[in-house]
Amino acid sequence: MTSIVKFVNEAEDKYGSIAKAPINCEQFVKVRSILKFKDPKIEQVNVIRILGFIERGYVASEIASICRVSLSTVQKVARQNDLKFHQIYKYEYTSNDGKHYLSASRKAMLKRFPSYLIKKTFIRYKDVKPETFYYEKGKWNWK
């Protein structure tokens, strides 16, 4: 257990508080790898690559294709490390006052904006700019 305390202390020193540390910071990834069950069938190199792609905002199917592993393996690694996948945003709208909105579903956008103002796009979560609204998991969020 001392090694876990060491990583938590490192995160506190680096970010000022563990509450301010990002969920995918190096120290927390190490703590999760100590605490979680390790599947001997999944190579540790693949686990590190998969975690990196999740952090960069890739979706599960893209990660499986890039790392040449099954989709279930990618989902298992994410589940074991308590990480969630973001969507690829396919529709965008920019209002006259400069507010920017993104959504993966056209239906969510049509509930809020006229159809002729919605543009098609392809944006991953990591590329979403600050001060942007994005629709995910049934609600509008602010980045």
Side-chain angles (χ1 to χ4, degrees), residues 3-4 6-143:
S3 60
I4 295 172
K6 177 182 135 196
F7 292 130
V8 171
N9 288 338
E10 285 178 15
E12 284 180 338
D13 293 341
K14 188 172 182 179
Y15 299 101
S17 165
I18 58 169
K20 293 179 183 175
I23 195 163
N24 294 335
C25 76
E26 182 181 334
Q27 292 81 6
F28 287 173
V29 170
K30 290 177 184 175
V31 168
R32 280 194 295 271
S33 69
I34 292 169
L35 294 176
K36 296 292 178 178
F37 168 75
K38 293 180 184 174
D39 191 338
K41 297 175 191 169
I42 304 173
E43 295 179 24
Q44 198 61 28
V45 174
N46 280 338
V47 171
I48 293 167
R49 288 182 68 206
I50 290 168
L51 292 174
F53 283 118
I54 292 171
E55 185 177 317
R56 287 188 221 119
Y58 285 80
V59 294
S61 57
E62 287 180 312
I63 297 170
S65 176
I66 293 168
C67 294
R68 296 184 181 200
V69 296
S70 69
L71 182 59
S72 62
T73 300
V74 174
Q75 292 169 336
K76 185 180 206 176
V77 169
R79 189 174 50 251
Q80 287 177 346
N81 290 281
D82 298 323
L83 298 175
K84 305 281 185 220
F85 294 101
H86 288 282
Q87 301 172 342
I88 293 177
Y89 304 106
K90 297 179 183 175
Y91 301 98
E92 70 176 323
Y93 168 76
T94 305
S95 64
N96 293 337
D97 58 355
K99 291 183 181 173
H100 199 73
Y101 298 85
L102 297 170
S103 175
S105 79
R106 183 168 170 80
K107 187 177 179 182
M109 295 295 267
L110 288 173
K111 286 182 182 179
R112 212 164 191 192
F113 312 110
S115 62
Y116 62 90
L117 295 175
I118 299 170
K119 298 178 192 169
K120 280 197 158 213
T121 189
F122 186 90
I123 300 175
R124 288 190 179 88
Y125 180 77
K126 71 172 183 90
D127 299 325
V128 174
K129 296 174 183 161
E131 300 183 9
T132 298
F133 290 99
Y134 62 96
Y135 187 80
E136 190 169 274
K137 296 180 176 70
K139 63 180 183 175
W140 286 95
N141 302 293
W142 174 260
K143 184 171 185 184

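Side chains are part of it too, since the values below use all heavy atoms of this structure and drop only hydrogens, waters and symmetry mates. Counting from 1, the numbers follow the sequence of the chain as shown.
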Q: First locate atom NZ of Lys120, then atom CZ of Arg106, and finally report the distance between them rounded to the nearest 0.5 Å.
A: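 That separation rounds to 8.0 Å.
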Q: Report yes if some heavy atom in the side chain of Val74 is under 4.5 Å from a heavy atom in the side chain of Phe53; otherwise report no.
A: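 No. Closest side-chain heavy atoms not under 4.5 Å.
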Q: In terms of heavy-atom contacts, does NZ of Lys143 have more than 12 from other residues, nucleotides or ligands at under 6.0 Å?
A: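 Enclosed.
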Q: Is there a donor in the side chain of His100 and an acceptor in the side chain of Glu92, or the other way round, less than 3.5 Å apart?
A: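 Indeed, the side chains of His100 and Glu92 share at least one donor-acceptor pair under 3.5 Å.
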Q: Could you tell me the separation between the CZ atom of Arg56 and the CG atom of Leu51, rounded to the nearest 0.5 Å?
A: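 The CZ atom of Arg56 sits 10.5 Å away from the CG atom of Leu51.
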Q: Report yes if the side chains of Arg112 and Tyr135 come closer than 4.5 Å at any heavy-atom pair, otherwise no.
A: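 Answer no - side chains too far apart.
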Q: State, yes or no, whether a side-chain contact exists between Tyr134 and Ile123 at a heavy-atom distance under 4.5 Å.
A: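 With C-beta onward as the side chain, the pair stays apart.
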Q: Do Gln87 and Ser103 have side chains that approach each other closer than 4.5 Å (heavy atoms only, starting at C-beta)?
A: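 A side-chain contact is absent here, since even the closest heavy-atom pair is not under 4.5 Å.
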Q: Measure the shortest side-chain to side-chain distance between Thr94 and Lys119 over non-hydrogen atoms and say whether it is less than 4.5 angstrom.
A: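 Result no, sub-4.5 Å side-chain heavy-atom pair not found.
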Q: Looking only at heavy atoms, what is the nearest atom pair of Phe85 and Val59, with distance?
A: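 Smallest heavy-atom distance, with atoms named: CD2-C, 4.3 Å.
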Q: How many angstroms lie between atom CG of Asn96 and atom CG of Leu117, to the nearest 0.5 angstrom?
A: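 Atom-to-atom, Asn96:CG and Leu117:CG are 8.0 Å apart.
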Q: If only atom types and distance count, is the side chain of Asn81 paired as donor or acceptor with the main-chain N or O of Val77 below 3.5 Å?
A: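 Such a contact is found between Asn81 side chain and Val77 backbone.
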Q: Locate the shortest heavy-atom distance separating Ala104 from Tyr89; write the atom from each residue and the value.
A: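 Heavy-atom minimum between the residues: N-CD2, 3.9 Å.
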Q: Taking the side chain as everything from C-beta on, heavy atoms only, tell me whether Lys99 gets closer than 4.5 Å to Phe133.
A: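 With C-beta onward as the side chain, the pair touches.
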Q: Determine the interplanar angle of the Phe113 and Tyr101 rings, folded into 0 to 90°, and report it as parallel if under 30°, tilted if 30 to 60°, perpendicular if over 60°.
A: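 Geometry flag for Tyr101 against Phe113: tilted rings.
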Q: Using the six-membered ring wherever Trp is involved, compare the ring planes of His86 and Tyr125 and label them parallel, tilted or perpendicular (cut-offs 30° and 60°).
A: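 Rings of His86 and Tyr125: parallel, as their planes differ by under 30°.
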Q: Given side-chain contact (heavy atoms from CB on, under 4.5 Å), test Glu26 with Phe7 step by step and report yes or no.
A: CA-CA 9 Å; Glu26 182 181 334; Phe7 292 130; over 6 Å; no
Q: Could you state the interatomic distance from OG1 (Thr132) to CG (Leu102), rounded to the nearest 0.5 Å?
A: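 Thr132 OG1 to Leu102 CG: 6.0 Å, rounded to 0.5 Å.
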Q: Closest approach of Lys84 and Ile54, non-hydrogen atoms and distance?
A: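 Closest approach of Lys84 to Ile54: O-CG2, 4.1 Å.
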Q: Output the distance between atom OH (Tyr93) and atom CG (Leu110), rounded to the nearest 0.5 Å.
A: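 Going from the OH atom of Tyr93 to the CG atom of Leu110 covers 12.5 Å.
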Q: Could you work out, with salt bridge (Lys or Arg N to Asp or Glu O under 4.0 Å) as the rule, every residue matching Glu62, not counting sequence neighbours?
A: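 So Glu62 forms a salt bridge (Lys or Arg N to Asp or Glu O under 4.0 Å) with Arg124.
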Q: From Ile50 CD1 over to Gln75 CD, what is the distance, rounded to the nearest 0.5 angstrom?
A: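 The CD1 atom of Ile50 sits 10.5 Å away from the CD atom of Gln75.
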